[in-house]
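Everything below concerns the one structure shown next.
Letters go in sequence order (proteins before strands), and every chain restarts at 1. Reckoned from all heavy atoms, side chains included, excluding hydrogens, waters and symmetry mates.
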Amino acid sequence: MHAYRCSALVVVAAALTIATGPAFAQDEKREIEKYQKMIAEGSPVELFELEGEGLWKKKQGPKNASLEQCDLGLGAGVVKGAFVNLPRYFKDTDRVEDLESRLLTCMMTLQGRSREEATKRTFGNADKPSEMEYLVAFVAGESRGSPIAISTAHPKESAAYELGRKLFFYRSGAWDFSCASCHGEEGKRIRMQELPVLSLPAGARPAYSTWPAYRVSNSQMKSMQWRLNDCYRQMRFPEPGFASDATIALTMFLGVTANDEPYRGPGTKR
Amino acid sequence: MNKRNLLTLALATAAIAACATSPVDPRPAYSESDLRQMDAVHRRDFHPRGIAKMDRFDLDRVQRACNQYKDNPPEDLAKALQAEQIGAIKFPQGELLGDWKKGQKIAQSGRGMTWSDKPGSANGGSCYNCHQLSPEEASYGTLGPSLKGFGKLRGNTSEIQKYTYGKIYNSKAYSVCSPMPRMGYSGTLTEEQIKDVVAYLLDPASPVNR
Amino acid sequence: MAGAMKARATVKDGIADVRVVMNHPMETGLRKGSDGKFVPQHFIQNITVKLNGRTVVEGQISQAVSRNPVFSFRIKGAKSGDKVQISWLDNKGETNNTEAAVA
Amino acid sequence: MNEIRRMVLRGAGAAAMLAAGLVATGRAFAATWNKDAFGAKNSHDALASLGAQNAVQSKDVIIEAPEIAENGAVVPIEVSSQVPGTRSISVLIEKNPFPLTAKFDFTPEAVPFLKINVKISESSLVRVVAEAGGKHFAASREIKVTIGGCGG
């Protein structure tokens, strides 16, 4: 479809960020905003919530169990409002977990699946979607309208936040990039893509509150874990482990920075 | 990390969490122990994939200083590092001006150096991701300054050619914590490719200067 | 197997706004899959919208409709409680349908 | 020619259609798909297949779409016709390999209105043709597809 495959730098295809590059013609900006509004209105995202709900209730794995008894932090089986408190510390694993890592925990404990099997397809592609990304759409959708409220009260939560903050600004890799190389200054863009400053509430709020998201570029439901993974790819780093402590910490940093914003996702992004 | 640092961090955290209107700069100046922690976490939680090997986490002196000093190292250190980086540029013999048409393709392409890029495939310079160059290309980034009319404004002297080549090869030689990747030094672009991009920027016939 | 499909219909001033979402790959035949081979054409060709069993819209579409199609239609004279039925048929003969009560 | 069109042209109402048993069973539509029109490689041929080569420009055919699409894979388009008696609306994307993208027939019970997401391979003119009383009315609009940033 495109003449040029995606490009170099990092993008969190942020929501409708309000930032104006100086050389950015106003009518162009207006038309792009119109495009973004129209794709959000015409988004099939609810389909993925529906598919995810089906998977949530589907009995599978060696224990032939569904995920319906999964404790996402508000007690076994409570889905409503759970997403906006994640990542959070879980006593049973003695670890801070984000939505994806928690789902993985439940797949292993409730369904008896191996980590290897459950993480075989953490990110979908056009040929085959990902169970994880459908589930994420369902769970996140059940928090629509609730303000993001991620706690740093537990020492492991505050440690995760601190680690995430340091990871965000750390320059390394073949191109000397950090997350902040692209998401560190107001009003910048990569190509036509506007870049929110994710280390500050004004940028983190609209972006974080609309992930996970349906990406129209590949017509896929995409999780926050995928978003971070693809940023690191474009930062020219080695690959972060799925649901690793580093990615959870980074999610923690972004989420806490977005605290109090009503959750509006799953979103729709270019 | 000592107690005072912890307290400062805690206060900063609280300030960020509490105050959306006047945020503090959350960027840390990495201490030696922070740098060790970052190294350990990246090596623990990341894995090599494709051409992106773990040696990408080996910080060189420039990356180290930029992390330690929030991109603003003390003047002496900055000077020393810049001198080192200048020395690392391999200027080719003879002509520095290549083919602007090839340079345009390189400027447009964002390929290269990621774990999904195949070894041996041609890399791009990703120039348009961050810079405006030709006024004909509407889709350009703004992370870097506009380079529209670059050659028209600066001329096409051998000094300018040398500066342009050097800046693309190793941006850190001119500004030690420049956000721009070191395109030659990192092995992203070849000598030939950089010459083509120099031509794209300086050749009077290039759309950049028309 | 056909994936999920979902419809919604809301009435205002006698006109029902119908929105339908369907899970479908809408393969053009021009896309290469992860195995490097072209993925065969697979796309919805026909869509029917009915109000209480009466056909009101009949559409033919091509492979250039986006993956996971979303359509909106407007039906006159609909009232709360009316049933809107939507069905599709693709080039492989697969079909799916869904129903929504006008709210 | 599909069922609705035939019925409507004959002046048949909904009752007649019901009587004809068109809506009685599971596979509820007659599954006609205009191979010639959809297989046409340029919009001239596609329009000819639709019998719409003499369409006249009309302000009553309305296209609502963004001028710039950040991604050609999904371009939302809203089309409607205020030409009285509009029975069908067709959408053509000039630069696509096969321009005809959609043809929707409406009974008098439906508003001649359609919102749809389409793929546009490169910046292109989008042409919409409405049919009313055997005549064709057209409108068109240019949609620019930009080179995206990252993340594709």
Would you find a donor on one side and an acceptor on the other, under 3.5 Å apart, between the side chain of [X] and the backbone of [Y]?
{"X": "D:N117", "Y": "A:G42", "result": "yes"}
{"X": "A:E31", "Y": "D:E67", "result": "yes"}
{"X": "A:Y35", "Y": "D:N71", "result": "yes"}

Heavy atoms of A:S217 and D:A73 approach each other most closely as O-CB, 4.3 Å
What is the minimum heavy-atom distance between A:M38 and D:P76, and which atoms define it?
-> CB-CG, 3.5 Å
With a 4.5 angstrom heavy-atom cut-off, could you sort out which part of A:E41 is near chain D: side chain, backbone, both or neither?
-> side chain
Give a yes or no on this: more than 12 heavy atoms of other residues, nucleotides or ligands lie within 6.0 Å of atom NZ of D:K144.
-> no
In terms of heavy-atom contacts, does CD of A:E185 have more than 12 from other residues, nucleotides or ligands at under 6.0 Å?
-> no
When you check the gap from the basic side-chain N to the acidic O, do A:K269 and D:E70 get nearer than 4.0 Å?
-> no
